[in-house]
Amino acid sequence: MVDQSVNAGVTAQQGFALQRNMALFLILDNYDSKFDGSKYFLSLEHLEDILFCHLDDHGQAVKVETYQSKKKSVGNWSIDAELAEIIVKILKVGKTLIADPHPKCSNYSHDLYFSSNSSMKLTTKVKCGADGKQITKTYSQIVSEADSEVIYSELDPIIQNALTTKLTTHDSYNSENLYEELNNLKFLYIDFNRTNKEQENQLRTKLEDIFDRKISDSKAALDSIFRLFKDVELTYNQKSMARLSDKSKQVHSQDINNAIEIITTKSKAFQFWRNHSRDISRKLGVKPFERDSFEMKFSLAFDLFKSKDEAEHQKILGFVKSNYRKCNGFNEDDCIEELVDMFNQKHNSNLDEQTLKATMYAAYFESINKMDY
């Protein structure tokens with residue numbers, strides 16, 4: 001299925017930050033209930049603004065959730081031509097998902113969300129007779145902070161009819177049998193700020209709420225997660241063909257989990273360094289004017305541990321993981337000093353002395369993954 005709209009070019013790039021921020025907000029807002037420990041990938045500006053594909057252990061799609069995210073500059077969303085046009089596009093995505101060749105499990109399903117940080121007032125009026133008189137009755141469903149998720153199939157039939165009346169003005173609604181996707185349609189209000197700066201502040205607060213003391217610098221943590229989306233941001237669909245299996249458009253749960261693991265482990269190491277930098281410096285022979293350099297090197301080491309191209313860092317990490325339980329010290333700096341001496345007795349390294357010690361320091365915290373101090 002070819003859809004020229006999947007290549008949004010510069011327009012997509014301009015809106016990418018909003019979709020990225022919204023995707024992270026959805027992950028963090030549902031972290032404990034849906035995303036922590038689950039296997040999934042997400043795509044942005046591909047098939048839909050935001051797409052989550054939840055996978056089973058065999059890599060088959062269990063459930064897909066798509067989000068068409070729109071801002072409303074003035075007022076609330078209502079049952080009108082503008083909303084109908086958006087819903088038609090959303091329902092087309094449902095059809096595309098069914099036809100997509102990505103392997104799906106036998107109980108596969110998908111949810112098609114229309115999401116916004118503006119309220120939705122799904123209201124219609126009908127005339128009816130009572131005691132020989134014509135009266136007007138109002139049917140209304142509000143999607144807002146008080147009732148943030150509303151399923152189409154659970155709407156009053158009168159409101160459903162008002163919506164489908166608008167949808168039938170689009171030829172494709174009937175010709176492509178889009179009504180078959182209505183039961184997968186959901187409306188979602190997201191309490192998300194409007195500007196990029198405000199959104200980033202909101203995401204930082206979410207990170208702090210979820211991970212508490214495990215993250216000491218939420219801005220650095222957010223920047224680390226943002227880096228996962230760089231390749232996706234610069235990649236556009238080839239030949240206007242949007243497919244779930246297009247790996248160039250995906251960010252995987254494993255990558256997000258690894259980033260969070262690095263962030264939390266690095267934060268623990270930084271916090272311990274700030275509390276005990278004098279003792280650590282004395283044990284490891286780091287002079288006062290070398291402390292900033294040492295800190296930069298152990299910070300970088302956490303990222304290098306994840307790179308397959310950094311054999312020396314991998315070797316040191318492997319050594320520490322195998323030997324940290326053999327240490328006799330009763331505090332961290334004693335153990336790190338022991339590990340440095342132990343390594344130098346058995347191995348040679350092409351790292352300079354300070355980089356070796358900084359890497360060993362990072363490897364120790366990576367290995368023990370300390371929770372508290």
Side-chain angles (χ1 to χ4, degrees), residues 37 39 41 57 59 211 214-217 220-232 247-248 250-274 276-277 280-281 283-286 290-329 331-371 373:
K39 186 177 182 182
F41 66 78
D57 292 337
F211 298 105
K214 297 178 186 177
I215 291 180
S216 58
D217 187 342
L222 189 60
D223 289 342
S224 295
I225 297 174
F226 280 169
R227 284 197 289 272
L228 297 176
F229 293 84
K230 280 298 181 184
D231 290 341
V232 174
K247 295 186 182 299
S248 67
Q250 299 173 2
V251 177
H252 283 259
S253 55
Q254 181 179 355
D255 299 324
I256 294 173
N257 292 338
N258 285 343
I260 291 173
E261 181 183 339
I262 291 172
I263 291 163
T264 54
T265 304
K266 188 187 293 187
S267 292
K268 297 163 195 168
F270 267 111
Q271 190 61 50
F272 187 77
W273 168 255
R274 292 188 184 106
H276 306 278
S277 59
I280 297 170
S281 297
K283 290 283 187 182
L284 300 183
V286 179
E290 296 175 327
R291 288 178 186 172
D292 287 346
S293 174
F294 180 86
E295 182 176 311
M296 180 187 69
K297 289 176 178 178
F298 82 67
S299 175
L300 178 61
F302 289 102
D303 298 303
L304 297 180
F305 290 149
K306 303 299 180 183
S307 173
K308 295 179 180 178
D309 298 327
E310 296 294 334
E312 195 66 18
H313 281 74
Q314 293 283 341
K315 181 175 76 174
I316 293 169
L317 178 60
F319 171 82
V320 174
K321 284 184 175 180
S322 299
N323 290 281
Y324 78 91
R325 294 180 184 276
K326 300 176 184 177
C327 293
N328 296 316
N331 53 51
E332 286 82 355
D333 43 330
D334 284 340
C335 292
I336 295 168
E337 182 186 31
E338 285 184 55
L339 286 166
V340 171
D341 291 341
M342 214 185 301
F343 182 86
N344 285 331
Q345 290 172 15
K346 298 179 180 180
H347 302 277
N348 293 318
S349 176
N350 57 20
L351 301 180
D352 63 76
E353 183 179 3
Q354 188 192 75
T355 304
L356 173 62
K357 292 176 180 179
T359 304
M360 194 73 68
Y361 176 88
Y364 180 77
F365 279 91
E366 177 82 1
S367 299
I368 66 172
N369 198 21
K370 256 182 92 64
M371 299 299 293
Y373 304 104

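Positions are given from 1, in the same order as the sequence printed here. What's counted below: heavy atoms across the whole structure, side chains too, no hydrogens, waters or symmetry copies.
- Evaluation of the side-chain hydrogen bond (donor to acceptor under 3.5 Å, both in side chains) rule for Ser293 yields Gln354 as partners, not counting sequence neighbours.
- In this structure Leu304 satisfies the side chain to side chain contact (heavy atoms under 4.5 Å, CB included) test together with Leu300, Glu310, His313, sequence neighbours excluded.
- At least one side-chain heavy atom of Tyr361 sits under 4.5 Å from a side-chain heavy atom of Ile280.
- The distance from the CZ atom of Arg325 to the SG atom of Cys335 is 12.0 Å, given to the nearest 0.5 Å.
- Checking side-chain atoms of Ser299 against main-chain N and O of Glu295 turns up no donor-acceptor pair under 3.5 Å.
- A donor-acceptor pair shorter than 3.5 Å cannot be found between the side chains of Ser277 and Arg291.
- When each of Tyr324, Phe272, Trp273 is paired with Phe365, the ring pair (Phe, Tyr, Trp, His ring centres under 6.0 Å) condition holds for Phe272 and for no other.
- Put simply, the side chain of Phe41 does not reach to within 4.5 Å of the side chain of Asp255, judged on heavy atoms.
- Residues forming a side-chain hydrogen bond (donor to acceptor under 3.5 Å, both in side chains) with Glu337 (at least two apart in sequence, or on another chain): none.
- When all heavy atoms of Gly285 and Glu290 are compared, the closest pair comes out as O-OE1, 4.0 Å.
- Counting only residues at least two apart or in different chains, salt bridge (Lys or Arg N to Asp or Glu O under 4.0 Å) contacts with residues 345-363 comprise Lys297-Asp352, Glu353-Lys357.
- The salt bridge (charged side-chain N to carboxylate O under 4.0 Å, His left out) test applied to Lys315 returns Glu312, not counting sequence neighbours.
- Put simply, the side chain of Glu366 never gets that close to the backbone of Leu317: no donor and acceptor are under 3.5 Å apart.
- Contacts of Asp303 classified as side-chain hydrogen bond (donor to acceptor under 3.5 Å, both in side chains), with partners at least two apart in sequence or in another chain: Lys266.
- The minimum heavy-atom distance between Leu228 and Ile256, with the atom names listed, is CD1-CA, 3.8 Å.
- The two residues Leu356 and Leu351 come nearest to each other via the heavy atoms N-CB, 4.2 Å.
- For Asp223, the salt bridge (charged side-chain N to carboxylate O under 4.0 Å, His left out) criterion is met by Lys219, not counting sequence neighbours.
- For Arg227, the side-chain hydrogen bond (donor to acceptor under 3.5 Å, both in side chains) criterion is met by Ser224, not counting sequence neighbours.
- Considering only heavy atoms from C-beta on, Ile316 comes within 4.5 Å of Met360 through its side chain.
- Evaluation of the side chain to side chain contact (heavy atoms under 4.5 Å, CB included) rule for Asn323 yields Phe319, Lys326, Leu339, Met342 as partners, not counting sequence neighbours.
- Residues satisfying the side chain to side chain contact (heavy atoms under 4.5 Å, CB included) test with Ala362, not counting sequence neighbours, are Phe298, Ala301, Phe302, Phe305.
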Practice task
Carefully, step by step, assess Lys283 and Asp334 under the rule salt bridge (charged side-chain N to carboxylate O under 4.0 Å, His left out).
Solution key: CA-CA 7 Å; Lys283 290 283 187 182; Asp334 284 340; 2.6 Å; yes
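- Other residues, nucleotides and ligands contribute only 12 or fewer heavy atoms inside 6.0 Å of the CG atom of Asp292.
- A 4.5 Å side-chain heavy-atom check between Phe343 and Ser349 finds at least one atom pair inside the cut-off.
- In this structure Asp309 satisfies the side chain to side chain contact (heavy atoms under 4.5 Å, CB included) test together with Ser307, sequence neighbours excluded.
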